[in-house]
Amino acid sequence: MSASTCSLCALVKSSIGRKFIVAITGLALVLFLAGHLSGNLLIFVGPDAFNEYAEFLHTFLHGAGVWIARIGLLVCLLLHVVFTISLTRENRTARTKYAHEATVQATKSSRLMIWSGLTILAFVVYHLLHFTIRIDDNLAQLGETSPWHMVIAGFQHPVVVAFYILAMTLLCSHLSHGVSSIFQTLGLRTKKTAKPIAFFSKAYSLVIYVGFISIPIAILIFGYGCGPCH
Ligand code: HEM
């Protein structure tokens, strides 16, 4: 086995190494959310701006760009979930072995993280079925249509909107803890930086939350002339 393969094994075997992988993949997913939100907010600029953006994504690098991003995201998501589950299991075993108050406190918050994280995972699966595979009857009936119409049609039902809001609320809670954990794992949280990091994590998750929920709520309230949806 080569030296680089061995150092990869060592990284995965040590809990610090796995924490590092969770932090780096978490950072990639956090940055993806900012990019995804910025693009999605073009829906408020109008159909042309949103459709041009979608067209750019699907034709970038002759169509290869979207696949590179999809594979990168999938790898990040899998590593993030698999190593989080393994670290949570390890923490649980440690908690049974050494029933120390500090350990119990630490696992309480990580237990919340695992549940919000798994719910977000379920949301992502639903979201892909909704907009990428288009299982929604409303969307299936549309046939070949513009991405703008697809999103407008996708948020015509209050139950769908309510589900998105619920998922975004859990995402916000997950991010407000997760973003500051990234700084901690990367060794950037010190006595001096702790407060600004806590503020930044909360502000970032709030912006992501308000930004994402504004889209289904606005569509449900204003309709945006969903002509082809009915
Ligand atoms: C109201 C909020 C959101 C809207 C309107 C929205 C909209 C969309 C649209 C239109 C697509 C493109 C589907 C396609 O053409 O293939 C998409 C893809 C995607 N979205 Fe969202 N999204 C939202 C929130 C989120 C959130 C919170 C996450 C992550 C937690 C997320 C993750 C993804 C992923 C992973 C893809 C797949 C990219 C691809 O394979 O092309 N989205 N979204």
Side-chain angles (χ1 to χ4, degrees), residues 25-47 49-61 63-81 84 113 116-136 138-140 142-176 178-179 204-222 224 226 229:
T25 50
L27 179 64
L29 295 168
V30 162
L31 293 176
F32 159 75
L33 283 175
H36 193 37
L37 176 61
S38 314
N40 283 349
L41 286 177
L42 287 173
I43 204 128
F44 292 119
V45 178
F50 188 73
N51 291 338
E52 273 165 28
Y53 158 73
E55 169 82 7
F56 164 76
L57 287 186
H58 285 272
T59 51
F60 183 56
L61 298 177
V66 73
W67 282 104
I68 294 170
R70 279 172 177 165
I71 292 165
L73 274 175
L74 188 67
V75 170
C76 285
L77 196 65
L78 285 178
L79 291 175
H80 192 78
V81 172
T84 311
M113 284 298 279
S116 56
L118 289 175
T119 315
I120 296 162
L121 184 66
F123 160 78
V124 171
V125 173
Y126 168 79
H127 185 52
L128 293 180
L129 292 172
H130 188 199
F131 281 137
T132 304
I133 302 171
R134 304 183 195 182
I135 46 149
D136 189 327
N138 233 355
L139 303 195
L142 284 177
E144 271 305 304
T145 187
S146 76
W148 190 81
H149 269 121
M150 178 186 73
V151 175
I152 302 294
F155 291 125
Q156 295 297 308
H157 205 292
V159 174
V160 176
V161 173
F163 177 65
Y164 267 77
I165 294 173
L166 177 71
M168 296 306 110
T169 308
L170 287 164
L171 176 67
C172 177
S173 133
H174 194 81
L175 284 179
S176 71
V179 171
Y204 185 86
S205 35
L206 200 66
V207 168
I208 292 287
Y209 181 59
V210 174
F212 273 129
I213 64 165
S214 70
I215 299 168
I217 291 178
I219 294 173
L220 189 68
I221 295 176
F222 302 113
Y224 287 96
C226 186
C229 308

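Predicted, not measured: the structure shown is a model, and the values here were computed from it. Start at 1 and go down the list; that is how both ligands and their atoms are numbered.
Using a non-hydrogen distance threshold of 4.0 Å, Leu33 registers as a contact of ligand 1. Within the structure, ligand 1 has Pro216 among the residues with a heavy atom less than 4.0 angstrom away.
The atoms of ligand 1 that sit less than 4.0 Å from any heavy atom of Leu171 are 27 (C). Which parts of ligand 1 touch Met168 is read off a 4.0 Å heavy-atom cut-off, strictly below it: atoms 27 (C). Atoms of ligand 1 found under 4.0 Å from any heavy atom of Val151, numbered from 1 in the order shown, are 10 (C). Within the listing of ligand 1, atoms 13 (C), 14 (C), 16 (O) sit less than 4.0 angstrom from a heavy atom of Thr132. Listed by number with element, the atoms of ligand 1 under 4.0 Å from a non-hydrogen atom of Phe155 are 5 (C). Of all atoms in ligand 1, numbered sequentially from 1 with element shown, those under 4.0 Å from a heavy atom of Leu128 are 36 (C), 37 (C).
Nearest to atom 15 (O) of ligand 1 among the protein's heavy atoms is His58 NE2, 3.5 Å. In terms of protein heavy-atom proximity, atom 26 (C) of ligand 1 is nearest to Phe123 CE2, 3.6 Å. Scanning all protein heavy atoms for the shortest distance to atom 3 (C) of ligand 1 gives Asn40 ND2, 3.6 Å. Nearest protein heavy-atom neighbour of atom 34 (C) of ligand 1: Phe32 CZ, 3.8 Å. Scanning the protein for heavy atoms near atom 2 (C) of ligand 1, the closest one is Phe212 CD2, 3.3 Å.
For atom 38 (C) of ligand 1, the candidate residues are His127, Arg70, Met150, His174; the nearest heavy-atom contact is made by Arg70.
Taking the six-membered ring wherever Trp is involved, the centroid distance between the rings of Tyr164 and Phe123 falls below 6.0 Å.
Using modelled atom types, one side-chain atom of Tyr204 and one backbone atom of Val30 make a donor-acceptor pair closer than 3.5 Å. Judged by distance alone, with hydrogens and angles left aside, the side-chain atoms of Ser116 form a donor-acceptor pair with the main-chain N or O of Met113 at under 3.5 Å.
Phe131 and Gly154 get closest at one heavy-atom pair: CE2-CA, 4.1 Å.
Looking at Ile213 against ligand 1, nothing comes within 4.0 Å, counting heavy atoms.
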